[in-house]
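Order of the sequence lines fixes the chain letters, A, B, ..., with proteins taken first and strands second; residue numbering starts at 1 for each chain. FYI, side chains are in, hydrogens and waters are out, and symmetry mates aren't considered; it's all heavy atoms of this structure.
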Amino acid sequence: MNTRGLRSQLKDSVPVTGMGPQVGAYGVQDTLRSGFSSVKNELLPSHALELSEKNFQLNQDKINFSNLRNIQGLHAPLKLQMEYRAARQIQRLPFLQSSHLALDTLKGNDESISFEGILNDPAQSEMMGEPHVMVEYKLGMM
Amino acid sequence: MALSNVVETPASGFNFENVSRNVALEGLLEGGHTKAPKPMKTGTTIAGIVCKDGVVLGADTRATSGEVVADKMCAKIHYISPNMYCCGAGTAADTEKTTDLLSSNLTIFSMNSGRNPRVVMAVNILQDMLFRYRGQIGASLILGGVDCTGNHLYTVGPYGSIDNVPYLAMGSGDLAALGILEDRFKPNMELEEAKQLVRDAIHSGIMSDLGSGNNIDICVITKQGVDYIRPYQESEYKDKRQRRYKYRPGTTSILTEKIVPLELEVVQETVQRMDTA
């Protein structure tokens with residue numbers, strides 16, 4: 001049941017920091033890449049579900065790991081997170097398609113279908129990123 | 001063409017990029033006489049009862065889009081698994097997609113474990129999914145099925161509420177249907193009597209509610225199998241088309257015709273044997 005942790009997701013129209021502007025190199029918004037900034041667009045989520053969907057998987061993991069820690073002790077979430085970290089590193093460069101097979105198997109996503117698998121499939125994405133820019137962003141050099 | 005402002009691959013799942021644009025567009029349209037098109041709803045009567053040998057589900061077949069009947073023979077009883085069927089009321093696309101997803105998940109599960117899924121499992125999956133989206137998915141469902149623990153009938157609301165009762169009605173015509181069910185329901189009814197009761201409940205929903213109409217579908221689920229009777233009863237108010245509205249071949253005259261043969265030459269031919277054993 002996904003009823004725990006509901007409080008953290010009940011932020012309807014309160015300004016939140018999850019939608020902050022993308023900070024560029026000098027701590028200000030990078031106008032060249034992300035366009036002009038607008039307070040309304042950044043502070044308030046436009047759709048009720050936008051924020052909760054953005055953080056859904058993270059929140060689920062947090063809830064599950066804290067449950068596991070309370071039941072079985074600290075070692076259980078530690079071991080699982082170590083495995084997740086190892087599996088997350090098995091991927092191609094950011095502009096190529098990676099299958100995330102190990103990570104999916106660990107999380108159990110290979111045995112279930114949700115809207116993540118149907119809508120907005122990255123393999124069918126119409127936009128392609130510039131390879132150098134994407135790798136620089138991933139390595140934190142941008 | 002590679003874009004240099006894309007720094008990450010877009011996340012899969014729902015995309016909220018156009019929400020503010022849509023809100024602005026709707027604001028512009030309100031001033032004029034045009035309106036944004038309404039999604040197709042199933043404004044419906046659906047009902048279900050648990051009887052002695054199994055579960056009987058019933059539904060009407062009208063789908064409306066605003067004030068217009070969009071579909072006169074809409075199928076509202078969706079297949080979930082060989083032992084479970086689900087009636088859906090609310091936005092037509094939402095009920096279809098949600099039941100499709102549920103059915104796929106249960107198929108994967110039954111292939112992995114080698115068992116027929118239980119009704120409680122389907123209900124829990126639905127509840128988690130609908131609660132996660134806080135009611136934005138407008139699907140009110142009646143799920144009925146027979147499994148190793150018995151005959152079950154559940155209702156799942158759009159916000160994720162569930163209820164386990166012997167008889168149910170949902171949709172815009174549910175009050176009328178529930179009146180009939182409350183009056184004549186008895187526990188452990190015979191199959192024929194149960195079918196007649198569901199048919200009467202849907203009929204009263206069709207008569208009293210504008211959003212329900214046309215034919216009645218019935219689905220009987222028992223331990224032996226499923227009997228999906230579509231339509232169980234056709235409506236008396238069928239209209240007859242006066243003329244044929246399709247164009248005959250040759251209606252549009254061909255003025256000129258030019259045929260250009262495409263010359264291809266076979267460069268290489270490889271034959272690969274397929275193992276069809």
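Here the closest non-hydrogen pair linking A:Leu49 and B:Arg132 is CD2-O, 4.0 Å.
Listed by chain and number, the residues in a ring pair (Phe, Tyr, Trp, His ring centres under 6.0 Å) with B:Tyr85 are B:Tyr79, B:Tyr228 (sequence neighbours excluded).
Considering CD of A:Glu50 and CG of B:Asn15, their distance stands at 9.0 Å, rounded to 0.5 Å. To the nearest 0.5 Å, atom NE2 of residue A:His47 and atom CG of residue B:Asn18 are 12.5 Å apart. In this structure, A:Glu53 CD and B:Phe14 CZ are separated by 7.0 Å, a value rounded to the nearest 0.5 Å.
By the neighbour-count criterion of 12 heavy atoms within 6.0 Å, atom CD of B:Glu67 is sparsely surrounded, having that number or fewer from other residues, nucleotides or ligands. For B:Arg230, the CZ atom is densely surrounded, since the number of other residues' heavy atoms within 6.0 Å is greater than 12.
Below 4.5 Å, heavy atoms of chain B meet heavy atoms from A:Pro94, all part of residues 75-96 of chain A. Near-neighbour residues of residues 104-122 of chain A relative to chain B, defined by a heavy atom under 4.5 Å from a heavy atom of that chain, comprise A:Glu111, A:Ser112, A:Ile113, A:Ser114, A:Phe115, A:Glu116, A:Ile118, A:Leu119, A:Asn120, A:Pro122. Proximity to chain A at a heavy-atom threshold of 4.5 Å picks out B:Leu101, B:Ser104, B:Asn105, B:Ile108 from residues 101-108 of chain B, in numerical order.
Heavy-atom distances place both the backbone and the side chain of B:Tyr133 under 4.5 Å from chain A.
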